[in-house]
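Remarks on the structure that follows.
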Amino acid sequence: METKVGKEELLALGGELIREGFPVAFPTETVYGLGGDAYNEKAVEAIFNAKGRPQDNPLIVHISSPKELEGVAVDVPKAAYKLFEVFSPGPLTLVLKKSPLIPKRTTGGLDTVGVRIPDHPLALGLIKAAARPIAAPSANVSGRVSPTEASHVLEDMKGKIPLILDGGKTRVGIESTVLDLTKDIPVILRPGAVTAGMLAPVLGAVKVFSGEVVVAEAPGMKYKHYSPVCPCVGVNGPQTARAEYEKREGEGLNPVLVASDNLIEKSGIKNAISLGNSPEAAMANLFSALRKAEKKFGYILLEWFEGADYYPVQNRIKKATGGAVIR
Ligand code: TXA
Ligand code: MG
């Protein structure tokens with residue numbers, strides 16, 4: 001199938017394709033999503049097929065306003081409306097009790113549903129054009145790094161889907177915070193740009209899911225995510241970066257350092273891709289840097305960032321490196 005790429009001018013076509021049960025990729029403020037009619041099992045199946053995604057990993061349902069929660073979730077607690085008021089549109093997904101209208105195929109067999117209002121005109125435009133909630137995982141092939149540019153989506157989805165809406169580089173760069181509101185005390189299942197520190201004043205109390213995943217709370221957590229196609233290891237500090245770099249260079253592995261400008265400068269390594277110098281920049285640049293690195297290089301040294309502000313980034317780095325950090 002031909003994969004069209006375009007902008008606003010293709011929103012009406014996008015809406016039509018969604019209504020007909022086809023998957024359409026679209027930008028959000030976090031990463032690109034691969035969307036389909038959340039009510040249509042066939043459409044959802046097409047998304048799972050295009051991604052090669054395990055059937056028990058639920059999709060996030062995207063809506064354009066809190067009013068549309070009706071038809072997606074039931075027994076919605078007041079806290080959900082409060083959170084939407086403060087953080088939406090934005091990178092926060094709420095796990096709520098599922099409406100019977102949402103098929104279990106969409107939620108990976110669960111009685112709960114993840115819902116969010118994305119902060120991007122093309123995402124909101126597509127939901128409005130389709131006139132229904134859009135189920136969408138990240139638009140990467142399962143197991144690959146999430147796409148933050150339309151070209152990344154094209155790499156993974158060319159020939160498999162009819163349309164990619166191109167909104168340029170995504171602003172936030174890592175996936176939304178997933179917050180489970182079905183528990184007595186809300187739990188963050190996946191850290192993101194909306195942090196526990198930001199949620200606590202609104203909720204009173206919030207827990208961060210921390211343990212190793214034995215029984216997966218967010219089914220997605222049990223799958224290794226975001227792995228570059230070449231080996232990727234965490235490095236902490238300029239000396240370790242330099243030593244590891246020289247070792248791998250000596251082995252003929254064509255290594256690259258993906259790190260803050262600070263670490264790049266201090267290590268003196270020339271083969272390097274910058275993540276900027278702040279937690280926001282690291283979030284925004286991480287996935288595109290990994291995609292660039294895996295294309296040109298054979299071994300990735302990824303900076304292991306210290307500090308609470310880097311918590312969401314650390315979570316993705318753990319997934320990319322499988323937790324291997326050289327200190
Ligand atoms: O920023 C994002 O959230 C992006 C954009 C496209 O919106 N979407 C995204 O979707 O990252 P995906 O499918 O790659 O990740 C969804 C995560 C998975 O870890 C999944 O297990 C979890 O959210 N999730 C979804 N519904 C859930 C539910 N009902 N209960 C627990 N976890 C859920
Ligand atoms: Mg994903």
Side-chain angles (χ1 to χ4, degrees), residues 23-36 38 44 47-48 50-64 72-73 87-99 102-120 122-124 126-127 133-148 152-153 156 164-165 167 170-183 186-194 209 213 215-227 283-284 287 312 315-316 319-320:
V24 172
F26 61 96
T28 77
E29 79 283 26
T30 58
V31 301
Y32 277 74
L34 184 60
V44 169
I47 294 172
F48 277 94
K51 276 183 67 87
R53 182 177 176 103
Q55 300 288 334
D56 65 346
N57 196 357
L59 307 185
I60 290 172
V61 173
H62 297 68
I63 57 177
S64 69
V72 175
F87 296 107
S88 290
L92 177 65
T93 295
L94 302 181
V95 173
L96 300 165
K97 260 196 219 159
K98 175 182 99 57
S99 149
I102 298 286
K104 283 221 169 163
R105 201 122 256 167
T106 304
T107 62
L110 298 175
D111 291 321
T112 56
V113 60
V115 192
R116 83 178 196 96
I117 305 177
D119 187 15
H120 195 292
L122 286 181
L124 297 170
L126 185 66
I127 298 164
I134 294 182
S138 49
N140 51 288
V141 163
S142 203
R144 295 211 60 210
V145 176
S146 293
T148 54
H152 301 163
V153 181
D156 284 17
I164 299 171
L165 293 172
T170 62
R171 174 172 59 82
V172 175
I174 63 168
E175 307 86 342
S176 63
T177 304
V178 177
L179 180 73
D180 188 348
L181 278 186
T182 68
K183 304 280 155 61
V187 188
I188 294 177
L189 301 179
R190 177 175 73 183
V194 176
F209 182 88
V213 183
V215 176
E217 290 276 344
M221 295 191 307
K222 76 183 178 211
Y223 300 106
K224 192 180 171 211
H225 258 151
Y226 320 113
S227 7
M283 275 189 228
F287 290 154
N315 171 270
R316 290 356 184 243
K319 294 197 167 180

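For ligands, and for the atoms within them, numbers begin at 1 and follow the listed sequence. Predicted model only: the values in this text are computed from it and were never measured.
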Original post:
Can a salt bridge be assigned to the pair E29 and R116 using a cut-off of 4.0 Å between side-chain N and carboxylate O?
Top reply: yes
**OP:** With heavy atoms of H62 as the reference, note each atom of ligand 1 found under 4.0 Å away.
**Re:** 5 (C), 6 (C), 7 (O)
Subject >> Close N or O approach (Y32, ligand 1; < 3.5 Å) >> reply: no
Original post:
Side chains of S176 and T93: donor-acceptor distance under 3.5 Å anywhere?
Top reply: yes
Original post:
Under 3.5 Å between some N or O of ligand 1 and some N or O of N57?
Top reply: yes
Subject >> Shortest non-hydrogen separation from F287 to I174 and the atoms involved >> reply: CE1-CA, 3.9 Å
Original post:
Are the side chain of D156 and the backbone N or O of V141 linked by a donor-acceptor pair below 3.5 Å?
Top reply: yes
Subject >> Distance (rounded to the nearest 0.5 Å) between D119 CG and L92 CG >> reply: 12.0 Å
Original post:
Within the side chain of T28, is there an N or O that forms a donor-acceptor pair under 3.5 Å with the backbone of T30?
Top reply: yes
Original post:
Can you tell which part of K98 has a heavy atom less than 4.0 Å from ligand 1: side chain, backbone, both or neither?
Top reply: neither
**OP:** Using a strict cut-off of 4.0 Å, indicate which atoms of ligand 1 neighbour a heavy atom of G114.
**Re:** 26 (N), 29 (N)
**OP:** Going by heavy-atom distance to atom 3 (O) of ligand 1, choose the closest among G192, S176, G173.
**Re:** S176
Original post:
Is the closest N or O pair between T93 and ligand 1 shorter than 3.5 Å?
Top reply: no
Subject >> Atom indices of ligand 1, in the order listed, that fall short of 4.0 Å to a heavy atom of T112 >> reply: 28 (C), 29 (N), 30 (N)
**OP:** Please state whether V113 comes within less than 4.0 angstrom of ligand 1, counting heavy atoms only.
**Re:** yes
Subject >> Proximal atoms of ligand 1 relative to G33 (non-hydrogen, under 4.0 Å) >> reply: 6 (C)
Original post:
Heavy-atom contacts under 4.0 Å between L189 and ligand 1: side chain, backbone, both, or neither?
Top reply: side chain
**OP:** Indicate the atoms forming the closest heavy-atom contact of R171 with A284, along with that distance.
**Re:** O-CB, 3.6 Å
**OP:** Would you mind telling me if ligand 1 is within reach of the side chain of L110, the backbone, both or neither, using heavy atoms under 4.0 Å?
**Re:** side chain
**OP:** Give the numbers and elements of all ligand 1 atoms closer than 4.0 Å to a heavy atom of V178.
**Re:** 23 (O)
Original post:
Near the Mg ion (ligand 2), is there an N/O/S atom from S142 that is less than 2.8 Å away?
Top reply: no
Original post:
Any side-chain donor-acceptor pair under 3.5 Å between E175 and S146?
Top reply: yes
**OP:** Could you pull out the closest heavy-atom pair between G167 and H120, with the gap in Å?
**Re:** O-NE2, 3.9 Å
Original post:
If you measure from each non-hydrogen atom of R53 to ligand 1, which part falls under 4.0 Å: side chain, backbone, both or neither?
Top reply: side chain
Subject >> 4.5 Å side-chain heavy-atom contact, V61 and T107 >> reply: no
**OP:** Please confirm whether F26 and H62 have ring centers closer than 6.0 angstrom.
**Re:** yes
**OP:** Please indicate whether any nitrogen or oxygen in S138 is less than 3.5 Å from any nitrogen or oxygen in ligand 1.
**Re:** yes
**OP:** Answer yes or no: does an N/O atom from T30 fall short of 3.5 Å to an N/O atom of ligand 1?
**Re:** yes
